[in-house]
Number of protein chains: 2
Amino acid sequence: MTLSEEDYIKAIYHIGKGENTTVSTNSVAEEMDTKPSSVTDMVKKLSEKGLVNYKPYKGVSLTEHGQKTALTLVRKHRLWEVFLVEKLDFSWDEVHEVAEQLEHIKSEKLTDSLDKLLGYPEVDPHGDPIPSKKGEFKKAIKKLLSEVPIGKSGVCVGVKDSSAPFLKFLDKNNIALGDAVLVMDKEEFDGSLHIRIGDRDIHISQQIASNLYLKITE
Amino acid sequence: MTLSEEDYIKAIYHIGKGENTTVSTNSVAEEMDTKPSSVTDMVKKLSEKGLVNYKPYKGVSLTEHGQKTALTLVRKHRLWEVFLVEKLDFSWDEVHEVAEQLEHIKSEKLTDSLDKLLGYPEVDPHGDPIPSKKGEFKKAIKKLLSEVPIGKSGVCVGVKDSSAPFLKFLDKNNIALGDAVLVMDKEEFDGSLHIRIGDRDIHISQQIASNLYLKITE
DNA sequence: ACAAATTTTTAGTTTTGTCTAAATTTAATT
DNA sequence: AATTAAATTTAGACAAAACTAAAAATTTGT
């Protein structure tokens with residue numbers, strides 16, 4: 001597999017979780033499924049291009065330019081995800097792979113027109129915020145369902161575990177992004193929950209609840 | 001520049017003008033702005049993969065598999081062009097470069113959903129036909145406007161006379177490449193035409209009509 | 001049909017991204 | 001502080017795609 005500069009930038013951004021932190025070459029290698037020595041080589045090149053700051057043995061961070069590049073990629077990725085779900089009837093667990101390809105298309109006009117077509121969405125189908133053209137972010141206040149106190153409610157906006165089995169479980173149990181959730185009760189000894197979702201009451205294990213993100217509404 | 005297998009397939013297809021002809025390595029090199037020796041190398045590889053037929057010194061042609069690949073690329077390219085014009089307000093002459101990138105996105109579901117979203121269009125914004133999912137399509141027919149029968153429509157794709165006065169005339173009368181034209185009526189004695197272009201009806205002299213090329217769409 | 005011109009391929013080199021294995025630097029432990 | 005362990009880089013090699021220049025096959029012109 002041959003990886004692009006953009007793939008490296010993205011990995012560095014994601015490991016730093018959007019903060020402008022310094023990350024290790026090892027962690028980048030692991031994230032990208034490649035070898036640390038390959039990362040070192042590429043990082044040198046990116047450094048020469050002014051996209052990252054790099055001091056041998058001291059890790060990598062994105063320059064301002066690099067951050068802009070990363071945010072543009074995130075913006076494009078999430079806009080395409082919205083497009084696929086809203087306009088092409090993809091389900092929210094099918095979009096990632098395709099968006100991964102589409103995010104590399106180079107055309108500012110395309111991105112901006114897409115944004116307009118979609119009505120300037122603020123979040124993607126997974127509940128993650130979409131950076132504006134200028135790269136501004138509204139940070140969503142997200143909590144794991146397992147950490148939401150009894151009586152509080154919110155909107156299901158994302159998952160921590162995005163593996164196919166977990167996504168399938170949610171689908172089977174009719175739990176989807178955008179669903180309103182009310183935490184009704186909690187079993188102290190096993191952490192399982194009683195929740196109201198849509199018009200039905202269901203029981204959720206601690207394991208499930210700790211992989212579902214809610215945006216608290218009340 | 002590093003070219004993909006798909007780029008080679010596409011070039012071979014285009015040089016053969018859609019017919020399954022044998023083309024020279026030299027012509028492929030010229031089309032792709034690369035060197036004949038590079039073409040030889042790649043063509044060998046494509047041959048091993050069963051995408052082209054290749055005999056040294058005898059030229060290349062697409063296998064059935066290669067043709068399918070080429071048609072899928074054409075289909076995707078033209079569907080994306082329609083999308084860009086219809087949904088994102090791109091103009092006629094801005095779409096090619098972006099579609100050139102989008103055509104490489106791999107997802108059958110994406111292509112088919114896009115087709116559906118666009119209402120299963122039969123031609124792209126340049127009046128070129130869009131292959132069906134099975135790879136079937138009618139060949140584009142280019143005719144002088146003066147030779148288009150009453151009732152037929154097409155897309156304005158070129159001029160025979162490219163003199164300044166003629167181009168000025170077109171501009172003044174708001175006739176541009178990419179415009180859809182419907183031939184409504186024809187005066188027998190002077191060959192002048194009544195046409196519908198965009199949302200207006202206009203009268204065109206025989207002289208003008210015999211210098212404008214249309215690609216027949218229906 | 002034969003020599004000249006053209007086309008196409010082959011051989012050898014370059015570039016780019018990757019890998020393995022060895023060397024080096026940094027971090028951890030006692 | 002010295003030794004060991006872990007992380008990171010360097011050095012050397014490989015694979016893929018491309019290029020240059022030389023060799024070989026084909027085509028053309030007489």
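Note that the structure is predicted; figures quoted are calculated from it, not measured. Just so it is clear: chains get the letters A, B, ... in the order the sequence lines come, proteins before strands, and each one is counted from 1.
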Asks: C:dT15 P sits how many Å from B:Met1 CE, rounded?
Replies: 19 Å
Asks: For a quick test of reading the model: is some side-chain N or O of B:Lys44 closer than 4.0 Å to OP1 or OP2 of C:dT10?
Replies: yes
Asks: Between A:Tyr57 and A:Tyr8, which has a closest nucleotide on DNA chain C that is more 5'?
Replies: A:Tyr8
Asks: Give A:Thr2 one of three labels, base, sugar-phosphate or nothing, depending on what nucleic acid heavy atoms sit under 4.0 Å from its own.
Replies: sugar-phosphate
Asks: Looking at D:dT20, does its base get a donor-acceptor pair with the side chain of B:Ser37 below 3.5 Å?
Replies: yes
Asks: According to a strict under-4.0 Å criterion, is B:Tyr54 in side-chain N/O contact with OP1 or OP2 of C:dT9?
Replies: yes
Asks: Take atom CG of B:Asp41 and atom P of D:dA16, then tell me their distance rounded to the nearest Å.
Replies: 12 Å
Asks: Under 6.0 Å between ring centres: does that hold for A:Phe83 and B:Phe83?
Replies: yes
Asks: Strictly below 4.0 Å: does B:Thr34 bring a side-chain N or O up to OP1 or OP2 of D:dC19?
Replies: yes
Asks: By the 4.0 Å heavy-atom rule, please label A:Pro56 as base, sugar-phosphate, or nothing.
Replies: sugar-phosphate
Asks: Round to a whole Å and report the spacing from CD of B:Glu30 to C1' of C:dT7.
Replies: 13 Å
Asks: Just how far, in rounded Å, is C1' of D:dA17 from CG of B:Asp7?
Replies: 13 Å
Asks: Figure out the CG/P separation between A:Leu46 and C:dT16, and round it to whole Å.
Replies: 14 Å
Asks: Take atom CE of B:Met32 and atom P of D:dC19, then tell me their distance rounded to the nearest Å.
Replies: 10 Å
Asks: Send over the distance from B:Asp33 CG to D:dC19 C1', rounded to a whole Å.
Replies: 13 Å
Asks: Can you check whether A:Lys45 has a side-chain N or O nearer than 4.0 Å to OP1 or OP2 of C:dT16?
Replies: no
Asks: Pick base, sugar-phosphate or nothing for A:Thr25, based on heavy-atom distances below 4.0 Å to the nucleic acid.
Replies: sugar-phosphate
Asks: If you check the B:Lys35 side chain, which of D:dT20, C:dT7, C:dT9 turns out closest?
Replies: D:dT20
Asks: Please report, rounded to the nearest Å, how far the C1' atom of C:dT16 is from the CG atom of B:Leu3.
Replies: 15 Å
Asks: Just to confirm, is there a sub-4.0 Å distance from OP1 or OP2 of D:dA18 to any side-chain nitrogen or oxygen of B:Ser38?
Replies: no
Asks: For B:Tyr213, is the NZ or CZ atom of B:Lys160 found under 6.0 angstrom from the centre of its six-membered ring and inside 45 degrees of the ring axis?
Replies: no
Asks: Indicate yes or no: does B:Lys10 engage B:Glu103 in a salt bridge with an N to O separation below 4.0 Å.
Replies: yes
Asks: So that I can tick it off, tell me whether A:Glu108 and A:Lys76 are bridged by a salt bridge, with the cut-off set at under 4.0 angstrom between side-chain N and carboxylate O.
Replies: no
Asks: Knowing that exactly one of B:Ile12, B:Thr21, B:Val23, B:Asn20 qualifies, which makes a side chain to side chain contact (heavy atoms under 4.5 Å, CB included) with B:Ser61?
Replies: B:Asn20
